Every structure is written in structure tokens, then in C-alpha cells.
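Notes to accompany the following structure.
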Amino acid sequence: DQIYHVDYTVSFQKDMKDADQQRFREEASAVMEDCIFLHTSSADAKANGFTKSVTMIATDDAQAMPAYIELFNDEGAVDWPEKGQAVINSNMAKNMGLSVGDTLSVFDGDMREMQLEISGLCDNYVNSYLYLSQETYENSWGPMETNAALVLGAAGEDGEIEDPYSDSTIMLDARNVSAVSLTEDMR
């Protein structure tokens, strides 16, 4: 089963407002099928005397996320978390002694705290991830910075991206882009 369905992760130099997002879509349209904009950052998750560094991913478009990142476990699909909730990966939960329904404290780089109820556990054996909604983020920490995009590359008739390295260079040349990571090898 694939967790990631994306071909590229794009990082931006600034908060991408609606006009900036539209400009990126236009500038990268020749090499991408679609994209979703989101917030990603590092945070510290604390519970039961354990602290774990996590990659936090927040979006305002939970309906579209399964096309990019599919949350699932042995029992099937895991729903995107609702207000005040988070989904974390199973290994992180096991290492921290957490279960669905437990509360997790999350701290950003400024030591602002967010209390989250764990609504689901998902498989991901690569890193420790914490998924939440934009509403949850903003209720605790204020306006969310849209600083990344997950991109589905434009595939040829054979379903493959002809030259992903060249395509990533085209995206890197778009306004406000600071980095492009080729993620097709993580799928």
C-alpha cells in the first residue's frame, strides 16, 4: 500500500496567499497535474514522559488529502482528524505509550503548546508524522503559514514522468520556491 501519492514536495520562501498559489499553479502547469498547498513544520510531541520530534502537516483541504497522502492502518483508511484532533503514526504511538482517545501535547519552536486528542493511528515506517486540520492549528497558534505544496507530476501516456529532474528544475524556477524534493521514490 502506498502512503504517498505525490511526485514532488515543494517548499516556499514565504506564506503563500491565494494569489501566490495561483501564480505557482500557472508557472508550474506544464509539469504538474495538480497540487495541494499546506503547512509543514517540525514540532515536539510530549506524552507519558516521552518527547518525540515530529513533522507536522496541516491543511484546510482534508477532502483532497487522500489523493496526495493516504492515511491508513491494518484496519483500513484512517479519517483526517477533526477540530482539536490529530492522527499520528503507529510506531510513534507505541513508543510513547499512546492510543486513540489519548491527549498529546505539541510544542512549536517558540514553545507554544497545543493539546490534541489522538483520533487515529496510521502506518508510516519512515518518519514520525502528526496530521491535523488548519482549524486546529489556528485555534491554538494563530494564522497558519502555507509554506509547502504536494505535487502530482504530469505523466506521459505511459503513466510515467518523462524527466522528473528537469520538471523539478522548472518548479524550482517558479516565484517564491525555495526547494523541490523528488518524492516519487518514497511511494
Side-chain angles (χ1 to χ4, degrees), residues 1-43 52-73 76-81 86-92 108-109 122-134 137-138 143-187:
D1 290 324
Q2 288 185 344
I3 296 169
Y4 290 92
H5 303 289
V6 299
D7 299 301
Y8 310 93
T9 301
V10 177
S11 300
F12 298 105
Q13 298 169 357
K14 66 175 207 143
D15 185 10
M16 295 291 282
K17 304 295 184 198
D18 289 342
D20 299 313
Q21 292 176 23
Q22 182 59 35
R23 186 177 305 113
F24 173 77
R25 286 181 186 278
E26 291 167 3
E27 292 176 358
S29 64
V31 297
M32 76 175 196
E33 180 182 317
D34 202 0
C35 71
I36 187 169
F37 293 91
L38 47 84
H39 171 84
T40 183
S41 62
S42 297
K52 183 79 175 160
S53 293
V54 299
T55 299
M56 185 171 58
I57 296 177
T59 184
D60 68 344
D61 196 355
Q63 298 286 356
M65 279 306 287
Y68 300 89
I69 298 176
E70 190 170 359
L71 303 180
F72 63 88
N73 58 32
V78 175
D79 291 333
W80 194 263
V87 171
I88 62 174
N89 56 302
S90 302
N91 286 344
M92 179 177 144
D108 70 0
C122 65
D123 291 344
N124 185 323
Y125 303 105
V126 179
N127 292 309
S128 294
Y129 285 94
L130 184 145
Y131 303 95
L132 67 156
S133 69
Q134 178 177 345
Y137 181 101
E138 291 182 343
M144 183 183 87
E145 180 179 293
T146 301
N147 62 3
L150 303 177
V151 177
L152 302 175
E157 290 180 19
D158 62 357
E160 298 295 319
I161 298 171
E162 185 175 325
D163 187 354
Y165 299 102
S166 176
D167 292 356
S168 63
T169 300
I170 290 169
M171 284 184 266
L172 190 56
D173 287 340
R175 188 177 303 177
N176 300 318
V177 173
S178 61
V180 177
S181 300
L182 181 62
T183 55
E184 70 176 355
D185 56 338
M186 290 179 60
R187 296 192 292 163

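Since we're looking at a predicted model, the values are computed, not measured.
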Practice prompt. Would you check, one step at a time, whether the test side-chain contact (heavy atoms from CB on, under 4.5 Å) holds for Val6 with Val151?
Written response: CA-CA 6 Å; Val6 299; Val151 177; over 6 Å; no
Worksheet item: Going through the checks in order, is the side-chain contact (heavy atoms from CB on, under 4.5 Å) test met by Tyr129 and Met92?
Response: CA-CA 8 Å; Tyr129 285 94; Met92 179 177 144; over 6 Å; no
Residue pair [X] / [Y]: nearest heavy atoms and the distance that separates them:
X	Y	value
Thr40	Ala148	CG2-CB, 3.6 Å
Met171	Ala28	CG-CB, 3.8 Å
Pro81	Val87	CD-CG2, 3.7 Å
Ala30	Ala154	O-CB, 4.1 Å
Asp61	Thr59	N-OG1, 3.1 Å
Pro164	Leu182	CB-CD1, 3.7 Å

Fill in: Among Asn89, Ile88, Ile69, the one residue meeting side chain to side chain contact (heavy atoms under 4.5 Å, CB included) with Cys122
Asn89
Worksheet item: Knowing that exactly one of Val31, Leu150, Ile161 qualifies, which makes a side chain to side chain contact (heavy atoms under 4.5 Å, CB included) with Tyr8?
Response: Ile161
Judged by atom type as modelled, is there a donor-acceptor pair below 3.5 Å linking the side chain of [X] to the main-chain atoms of [Y]?
X	Y	answer
Gln134	Ala58	no
Thr183	Asp7	yes
Asp15	Thr146	yes
Ser178	Ser11	yes
Arg25	Cys35	yes
Gln21	Met16	yes
Glu27	Arg175	yes
Ser166	Asp163	no

Discussion item. Between Glu70 and His5, is there a side-chain donor-acceptor contact under 3.5 Å, judged purely by atom types and distance?
Written reply: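 Short answer, yes.
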Discussion item. Below 30° counts as parallel, above 60° as perpendicular, anything between as tilted: where do the rings of Phe12 and Phe24 land?
Written reply: perpendicular
To the nearest 0.5 angstrom, please state how far the [atom1] atom of [X] sits from the [atom2] atom of [Y].
X	Y	atom1	atom2	value
Asp173	Ile170	CG	CD1	8.0 Å
Lys14	Asn147	NZ	CG	13.0 Å
Met32	Leu152	CE	CG	9.0 Å
Tyr131	Leu38	OH	CG	10.5 Å
Asp60	His39	CG	NE2	13.0 Å

Item to complete: Decide yes or no for Ile57 and Leu130: does some side-chain heavy atom of the first lie under 4.5 Å from some side-chain heavy atom of the second?
Response: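 Result no, sub-4.5 Å side-chain heavy-atom pair not found.
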Item to complete: Flag the pair Arg23 and Asp20 as a salt bridge only when some basic side-chain nitrogen lies within less than 4.0 angstrom of an acidic carboxylate oxygen.
Response: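 So Arg23 pairs with Asp20 through a salt bridge.
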Worksheet item: Step by step, would you call Met65 with Ile36 a side-chain contact (heavy atoms from CB on, under 4.5 Å)?
Response: CA-CA 8 Å; Met65 279 306 287; Ile36 187 169; 3.5 Å; yes
Discussion item. Tell me whether Glu162 at atom CD has more than 12 heavy atoms from other residues, nucleotides or ligands lying less than 6.0 Å away.
Written reply: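 Atom CD in Glu162 is not packed in, count stays at 12 or less.
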